[in-house]
4 protein chains.
Amino acid sequence: MINRVVLVGRLTKDPELRYTPNGVPVATFTLAVNRPFSNQQGEREADFILCVVWRKQAENVANFLKKGSLAGVDGRIQTRSYDNQEGRRVYVTEVVAESVQFLEPRGASNRQNPPSAGYPDFDARPFGSDNQNQNQGPSRNEDSIFNSGQPIDISDDDLPF
Amino acid sequence: MINRVVLVGRLTKDPELRYTPNGVPVATFTLAVNRPFSNQQGEREADFILCVVWRKQAENVANFLKKGSLAGVDGRIQTRSYDNQEGRRVYVTEVVAESVQFLEPRGASNRQNPPSAGYPDFDARPFGSDNQNQNQGPSRNEDSIFNSGQPIDISDDDLPF
Amino acid sequence: MINRVVLVGRLTKDPELRYTPNGVPVATFTLAVNRPFSNQQGEREADFILCVVWRKQAENVANFLKKGSLAGVDGRIQTRSYDNQEGRRVYVTEVVAESVQFLEPRGASNRQNPPSAGYPDFDARPFGSDNQNQNQGPSRNEDSIFNSGQPIDISDDDLPF
Amino acid sequence: MINRVVLVGRLTKDPELRYTPNGVPVATFTLAVNRPFSNQQGEREADFILCVVWRKQAENVANFLKKGSLAGVDGRIQTRSYDNQEGRRVYVTEVVAESVQFLEPRGASNRQNPPSAGYPDFDARPFGSDNQNQNQGPSRNEDSIFNSGQPIDISDDDLPF
DNA sequence: TTTT
DNA sequence: TTTT
């Protein structure tokens with residue numbers, strides 16, 4: 001069973017950082033990935049792909065990416081469902097990022113902070129690059145609030161979505 | 001802008017084959033891809049990923065794959081939306097397959113047709129293998145009913161979904 | 001920096017299992033992946049791709065795959081070089097598998113052991129599927145004999161290649 | 001048979017543009033892709049991956065990428081062999097790019113041409129983006145000089161490698 | 001033979 | 001509900 005996704009695109013908005021009840025950071029963002037062809041009206045469209053990332057990388061994403069940032073994602077497709085406030089079952093398809101790469105020199109996508117010269121020492125390295133974090137993926141706890149249909153006794157405000 | 005997906009999983013049901021108003025075949029199916037880890041309850045879950053494939057490959061899928069078949073998909077993630085009968089906007093994330101590979105010897109997933117010896121001459125080759133079809137991808141026409149929000153004057157029965 | 005490879009093909013020979021000086025299992029095998037198009041002579045060619053896999057999965061590969069087995073690989077491209085017996089520098093490009101999936105029912109590629117009914121309980125699950133093994137990838141030790149140009153004081157027989 | 005590669009890395013040198021005897025452009029370049037982990041000496045290493053691209057995209061690569069440019073590649077692994085001047089068989093593993101994406105604002109990797117503001121109108125779009133070029137991949141002619149072991153009556157200078 |  |  002192979003499930004592999006690689007994306008490069010731009011954030012449609014600033015990422016959102018939340019924490020699970022046990023304090024695990026989760027960031028979500030949507031990547032706009034332009035299609036390599038035009039539609040019948042001759043317009044270039046994009047796909048808007050919801051991405052989720054956990055732990056240290058979630059905090060990196062929140063700190064270094066923002067609306068318009070160019071980013072790369074290596075991960076897998078996840079599907080889940082939940083019942084919304086009206087009692088309807090909602091189905092979600094999203095990409096769980098195992099690594100996220102920041103593809104711009106610092107400030108490049110920021111009108112307020114004009115570009116400094118070249119890549120900075122710190123955030124230019126891919127987020128997936130620190131040794132401790134290598135290949136760890138979502139642990140059972142982190143993923144649980146998405147995977148299960150089980151009731152979890154927390155207030156809405158604690159939920160990452 | 002990179003958008004690449006590779007999946008290997010099993011069809012949850014027989015594929016559905018439809019035709020666009022201009023007669024282009026489209027097949028849809030859902031792949032169940034087991035996750036490589038267990039949840040907190042110790043159960044193995046799966047992701048259920050909607051896939052779409054066009055033209056000759058759509059017909060191959062309809063002819064050679066069925067519920068339970070093991071298949072590989074190489075494609076890209078597509079997002080689109082439409083308004084349902086209640087006037088609600090529905091968002092869809094699916095995989096548009098550029099090639100689909102049949103990963104089982106003939107009859108392997110079929111209790112009714114007992115396995116013959118080994119792979120048959122015909123359908124053992126990957127669907128993406130015939131020269132004419134090579135790399136052609138969805139043409140503008142084929143894709144149009146998904147891409148556009150434009151009204152199309154056909155009855156519901158003609159729609160591939 | 002993204003480096004992602006997904007392959008599905010057949011082993012050209014039985015895999016080779018070796019152990020590093022510190023006892024870490026490494027398996028190597030070559031996957032033949034048929035091209036989806038024909039050459040000018042109208043023949044279908046294949047790419048022959050060297051794959052390397054570590055630890056528990058190396059042992060699984062050695063136990064369950066053999067010449068002709070259909071397998072899937074999810075990993076990354078690695079390049080390395082070494083000096084051969086004649087003092088020439090040899091460059092190697094190979095795929096380091098993070099997970100390997102066995103894509104055939106037991107016995108399917110084996111003329112000697114006739115197929116039993118369907119997938120067996122044990123080896124039908126993808127190799128990357130056991131929880132302990134999840135996402136562990138090559139540790140620094142395992143990878144060292146490939147990455148370094150450093151002399152290692154072991155006899156040829158201990159080397160994985 | 002699935003064979004899919006996605007890479008993001010930097011060119012180690014300016015790309016080389018050649019033409020086949022029938023005038024088809026081919027560009028080659030090497031991508032340095034940094035590994036997401038350190039070796040036993042605590043150093044970050046890189047993989048150096050030979051890439052080949054054909055036709056219009058070859059010319060785009062030659063025009064817009066240079067030593068140090070950050071680029072994305074979506075393609076497949078190809079293996080081939082040839083006999084060198086000493087009569088030795090040489091095996092080559094390379095990535096045939098189906099699309100190449102330029103991942104930097106104009107001038108970003110160039111000390112001589114200081115960065116202009118943001119992405120330019122022209123080369124900021126992915127190379128794989130023009131409609132004519134969509135999904136065309138290597139045609140049988142283009143690929144032939146790599147695939148065949150057949151003698152080709154051209155001088156060495158005409159060969160793309 | 002390698003890039004930031 | 002979308003990015004350059």
Side-chain angles (χ1 to χ4, degrees), chain A residues 7-16 28-35 43-51 65-73 101-106 108-111 117-126 129 161, chain B residues 1-3 79-81 88-91 93 149, chain C residues 1-3 79-81 88-91 93 149, chain D residues 7-16 28-35 43-51 65-73 101-106 108-111 117-126 129 161:
Chain A
L7 305 172
V8 173
R10 292 187 182 277
L11 296 237
T12 60
K13 299 194 310 190
D14 290 354
E16 296 189 21
T28 55
F29 56 93
T30 295
L31 272 191
V33 184
N34 297 320
R35 295 185 184 163
E43 307 148 346
R44 290 294 223 73
E45 292 175 289
D47 296 292
F48 298 97
I49 302 166
L50 177 60
C51 297
L65 295 180
K66 59 174 176 307
K67 181 175 175 172
S69 298
L70 188 67
V73 161
Q101 187 188 13
F102 185 15
L103 289 170
E104 288 178 302
R106 170 175 239 133
S109 67
N110 196 342
R111 288 286 135 73
Y119 281 82
D121 275 17
F122 185 61
D123 64 351
R125 298 200 215 109
S129 305
F161 296 107
Chain B
M1 300 307 203
I2 293 171
N3 182 341
T79 58
R80 58 188 171 90
S81 62
R88 281 167 177 278
R89 186 134 221 100
V90 179
Y91 294 90
T93 298
Chain C
M1 301 306 203
I2 294 171
N3 181 341
T79 58
R80 58 187 172 90
S81 63
R88 280 166 177 279
R89 185 133 222 102
V90 179
Y91 293 91
T93 297
Chain D
L7 305 172
V8 172
R10 291 186 183 278
L11 296 238
T12 59
K13 300 195 309 191
D14 290 355
E16 296 189 20
T28 56
F29 56 93
T30 296
L31 272 191
V33 184
N34 298 320
R35 295 185 183 162
E43 307 148 345
R44 290 295 224 74
E45 292 175 289
D47 297 291
F48 298 96
I49 302 167
L50 178 59
C51 298
L65 296 181
K66 58 174 181 303
K67 181 175 176 173
S69 298
L70 189 66
V73 161
Q101 187 186 12
F102 185 15
L103 290 171
E104 287 178 304
R106 170 174 240 133
S109 68
N110 196 342
R111 278 334 151 29
Y119 281 80
D121 275 17
F122 184 59
D123 63 353
R125 297 200 215 109
S129 305
F161 296 106

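Reminder, nothing fancy here: chain letters follow the sequence lines and each chain counts from 1.
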Which nucleotide in [options] has an atom nearest any side-chain atom of [X]:
X	options	value
A/T12	E/dT1, E/dT2, F/dT2	F/dT2
D/N34	F/dT4, F/dT2, E/dT4	E/dT4
C/Y91	F/dT2, E/dT2, E/dT4	E/dT2
B/R89	E/dT3, F/dT4, F/dT1	F/dT1

Gap separating the [atom1] atom of [X] from the [atom2] atom of [Y], nearest 0.5 angstrom:
X	Y	atom1	atom2	answer
D/L31	D/L11	CG	CG	6.0 Å
D/D14	D/K67	CG	NZ	8.0 Å
B/R80	A/E45	CZ	CD	12.0 Å
A/N34	B/I2	CG	CD1	12.5 Å

Whole angstrom value for the distance that separates [atom2] of [N] from [atom1] of [X]:
X	N	atom1	atom2	answer
A/L50	F/dT1	CG	P	16 Å
D/R35	E/dT3	CZ	P	15 Å
D/K66	E/dT3	NZ	P	15 Å
C/I2	E/dT4	CD1	P	19 Å
D/D47	E/dT4	CG	P	17 Å
A/F48	F/dT4	CZ	P	11 Å
D/E104	F/dT4	CD	P	19 Å
A/K67	F/dT1	NZ	P	15 Å

Give a yes or no on whether a salt bridge exists between D/R10 and D/E104, defined as a side-chain N under 4.0 angstrom from a carboxylate O.
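A salt bridge is present here (some side-chain N lies under 4.0 Å from a carboxylate O).
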
Intra- and interstrand pairs of DNA chain E - dot-bracket, Watson-Crick/G-U under 3.5 Å, | marks other strand:
....

Residue pair A/F29 / A/V73, side-chain heavy-atom distance below 4.5 Å:
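The answer is yes, as the side chains (C-beta and beyond) meet within the 4.5 Å cut-off.
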
Results of side-chain contact (heavy atoms from CB on, under 4.5 Å) for B/T79 - residues two or more places apart only
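With sequence neighbours excluded, B/T79 shows a side-chain contact (heavy atoms from CB on, under 4.5 Å) to A/D47, A/F48, A/I49, B/T93, given in chain and number order.
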
